[in-house]
Q: 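Below you'll find the structure I mean.
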Amino acid sequence: MSNLNKHAKLCERFRAASRHAQHLFATMPQRTTAQAYERGNAVQLSGSSPDASAFPQLIKSLGCHAVTVHAHVLKLGFMSDRYIRNAVLCYYAKYGPFLCALSLFDEMSDRGIVDWNSMLSGFWKWSSKEDACKVFDEMPERNVVSWTVMVSGLARAGELEEARRVFELMPERSVVSWNAVLSGYVKNGLPDECLFLFNKMMNSSVRPNETSWVTVISACASKGDLQLARTLVQQLEESQVNLNFYVKTALIDMYAKCGCLEKASEMFATMKDRNSVTWNTMISAYIREGDIQTARKLFNRMHAKDVISWNTMISGYVQHGQWTRAIELFKEMWLLNNMKPDEFTMSSVIAACGHLGILEFGRSVVDYIAENRIPLSLSGYNSLIFFYSRCGSLEEGKKIFEEMPKRDVFSYNSLISGLAANGNGYEVLKLLKKMKNDGIEPDAITYIGILTALSHSGQLDEGFRVFAMIKTPTVDHYACMVDLLGRAGRLDEARSLISEMSVKPHSGVFGALLNASRIHKRVDLGEFAAKELFELEPENSGNYILLSNIYASNRRWKEVEKLRKMMRERGVLKTVGSSWLEFRGKIHRFVSGDQSHYRLDDIYKVLEDLGKRMRTMGYIADRSCVLRDVEDEEKEEMVRAHSEKLAVGFGLLVLEGGTVIRVVKNLRICEDCHVFIKMVSKLEKRVIMVRDNNRFHSFKDGKCSCNDYW
DNA sequence: CTAGGGTTAG
């Protein structure tokens, strides 16, 4: 915004100069004009060739490149005006090509301190800390601005201690100097330091202005401390500072982040001149609260949506599991509204693709990123790893992981979780080693991924070794260990681990034990785990079904019947699964109990054919794959009500070429579905990837790669 | 006159 203001100012200045030039142009000697043109064109040529691709920043408010501005100024003969000349220098220093700023500065015979300061900030932006410091040393004179440029440069580079040192060293300090350090602390995640310094500022000779208040308010917002917010507001009222647009927006954000949404929306309602930032602040406030509908309503009411508005809404959907909506909104943004997505958009969309497992559409997004040369940030790369891992395309995930310029914990965690889902316990251990060599500290999520992978590949001893590395194991880590012991058949040890653990076990722990009891047909431990689970999550039908399966596998039909009765009495409904598959860029959602999909006949034909082939191999295929294209939630609810009697298991097949087929089947127990997939892999004579409970399994010739699974 | 500081997403 401040840049726009400055652009407007410059624009004005150029317009004034232009008016002046009309007159001068007529009276100027011919020679000078010709020279100016020549010079202008020469600069234009030399300016556009050096590294034009690296500095594609166009000057938006003027609608032209800095070089063009320069040429015009030259044509008009206004380079002799030191103010206009500095404006041109400043343009170059801010938006590049910085080389032009350098050559212009070199040619100047009468450099003023303002020119030096413009160059100094240019060096911070385009060059290095070292160069900027060199310039600062070489300067013939320095003023508050020069010092402030140094302070803000260091602060932006994250060198806060040095920024503070220079700040203390300053011969005099202006409000802007104070604001530079204050914002440096907030931007680097040290709101407390900012608040501490702000108190010092209040006791100094310099009065905080609107900008100072905006900065401390944002510091308080990042802390989310309501008590502090109240104190600040009181101080703000006492200080008699004008509540300008920035202050008001910052206040709205602070209230929202401190959990006072009513106060925020109150302020929002009373604000007269709201712009996109104000709206975006409110939208993200509702999303933070989980009130996506209100956020969407605000979003729809907005007139001038910018990229951030779209990004906020899209990532809001992703955060709250509404991935299909995220993708629909992205399509609306991109195709209908011609809004150019940026790396933030891409990061959310790729994550959504990963959650949905839609490899084909995700690939088209990746292509779009490549074609439009959208530079991905670290988190963008991380979503890519997540996406490929979730879609079972680990090779591509690994490729991204290796190609990306920098890696953080999330990069490692995404890949580790992906490998864990595939049961690759060996590579996961290699990654843990690599991670430590890179100097990245594994976190709780890392260890969950590693233990899960080891559990799926049956590496009990390694599991214990890794578990010992965890400084403070959480319940989730214990759950992994119970799973690990349980799958390895050491159920009694799993049971005693539960009673010995230092934290209160949650449903995940007992769930692991119940699942292990099912695998190893242990009625006693199954009953023990189920008893706990029925209390912890009485609504979860899965637990009843698992226990029922254990009884059934031990041929204890009386207990099976008793459990069914219990479910009826308690009103536990078997959850109805909905499923979706991607076909030619469109997402089709299916819910059991409905037959309205427009290609129902085709789908049945395929299933029937598969069924026939299965029957010839001695299996009975269930053809009640009831499919429906669901467009909105209300309809979905209706279908749900109709089909609650049915239990649905669904499997997912990734065929060659990346096509994803999910099969919804009207089955009593999931195992039937797995049998089905095993059969398909045998019939089709190829490797089939199956995702189940977020784990991937590859099937070849009727066998699963992880032998512990069924 | 021109140079330095500010709000929203992940």
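Just so it is clear: chains get the letters A, B, ... in the order the sequence lines come, proteins before strands, and each one is counted from 1. We use all heavy atoms of the structure for the numbers below, so side chains are in, but hydrogens, waters and symmetry mates are not.
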Q: Over all strands shown, is Thr312(A) touching base, sugar-phosphate only, or nothing at heavy-atom distances under 4.0 angstrom?
A: sugar-phosphate
Q: Just to confirm, is there a sub-4.0 Å distance from OP1 or OP2 of dA9(B) to any side-chain nitrogen or oxygen of Arg288(A)?
A: yes
Q: Is the base of dG4(B) touched by the side chain of Ser174(A) through a donor-acceptor pair closer than 3.5 angstrom?
A: yes
Q: Can you list the steps and then say if Phe401(A) with Tyr381(A) is a ring pair (Phe, Tyr, Trp, His ring centres under 6.0 Å)?
A: CA-CA 8 Å; Phe401(A) 181 83; Tyr381(A) 280 110; over 10 Å; no
Q: Whole angstrom is fine here: how far is it from CG in Asn280(A) over to P in dT8(B)?
A: 11 Å
Q: Give the rounded distance in Å between these two atoms: CD1 of Ile217(A) and C1' of dT8(B).
A: 15 Å
Q: Let me know the distance between CG of Asn179(A) and P of dG6(B), rounded to the nearest Å.
A: 8 Å
Q: Check the angle between the aromatic planes of Trp178(A) and Phe167(A) and answer parallel, tilted or perpendicular using the 30° and 60° thresholds.
A: perpendicular
Q: In whole angstrom, what separates Asn86(A)'s CG from dT2(B)'s P?
A: 10 Å
Q: List the atom pairs, donor and acceptor, that lie under 3.5 Å between side-chain atoms in residues 186-200 of chain A and the rest of the protein, sequence neighbours left out.
A:
from, atom 1, to, atom 2, distance (Å)
Asn188(A), ND2, Ala155(A), O, 3.1
Asn188(A), ND2, Gly184(A), O, 2.8
Asp192(A), OD1, Lys223(A), NZ, 2.6

Q: Tell me whether Arg165(A) is salt-bridged to Glu161(A), with the criterion being a basic N under 4.0 Å from an acidic carboxylate O.
A: no
Q: Between dT7(B) atom C1' and Leu243(A) atom CG, what is the distance in whole Å?
A: 14 Å
Q: Take the protein atom CG of Asp342(A) and the nucleotide atom C1' of dT8(B), then report the distance between them rounded to whole Å.
A: 13 Å
Q: Ignoring hydrogens and angles, answer whether the base of dG6(B) and the side-chain atoms of Asn209(A) contain a donor-acceptor pair closer than 3.5 Å.
A: no
Q: Compare side-chain N and O positions of Lys187(A) against OP1 and OP2 of dG5(B) and report whether any pair is under 4.0 Å apart.
A: no
Q: Round to a whole Å and report the spacing from CG of Asn244(A) to C1' of dG6(B).
A: 9 Å
Q: Check residues 224-234 of chain A and write down every donor-acceptor pair under 3.5 Å in which the side-chain atom is one partner and the other belongs to a residue at least two apart or another chain.
A:
from, atom 1, to, atom 2, distance (Å)
Asp225(A), OD1, Gln227(A), N, 3.1
Asp225(A), OD1, Leu228(A), N, 3.1
Thr231(A), OG1, Gln227(A), O, 2.9

Q: Side-chain N or O of Lys305(A) less than 4.0 angstrom from OP1 or OP2 on dT8(B)?
A: no
Q: So, OP1 or OP2 of dG5(B): does either fall under 4.0 Å of a side-chain N or O from Ser183(A)?
A: no
Q: Which listed nucleotide (dA3(B), dT8(B), dG4(B)) is nearest to the side chain of Ser152(A)?
A: dG4(B)
Q: Side chain of Arg156(A) only, heavy atoms from C-beta on: which candidate in dG6(B), dT7(B), dT2(B) is closest?
A: dG6(B)
Q: Using the side-chain heavy atoms of Ala180(A), tell me which of these nucleotides is nearest: dA3(B), dG5(B), dT7(B).
A: dG5(B)
Q: Got a donor-acceptor pair under 3.5 Å from the side chain of Asp115(A) to the base of dA3(B)?
A: no
Q: Closest approach to the side chain of Ser177(A), judged atom by atom: which nucleotide of dA9(B), dG4(B), dT7(B) is it?
A: dG4(B)
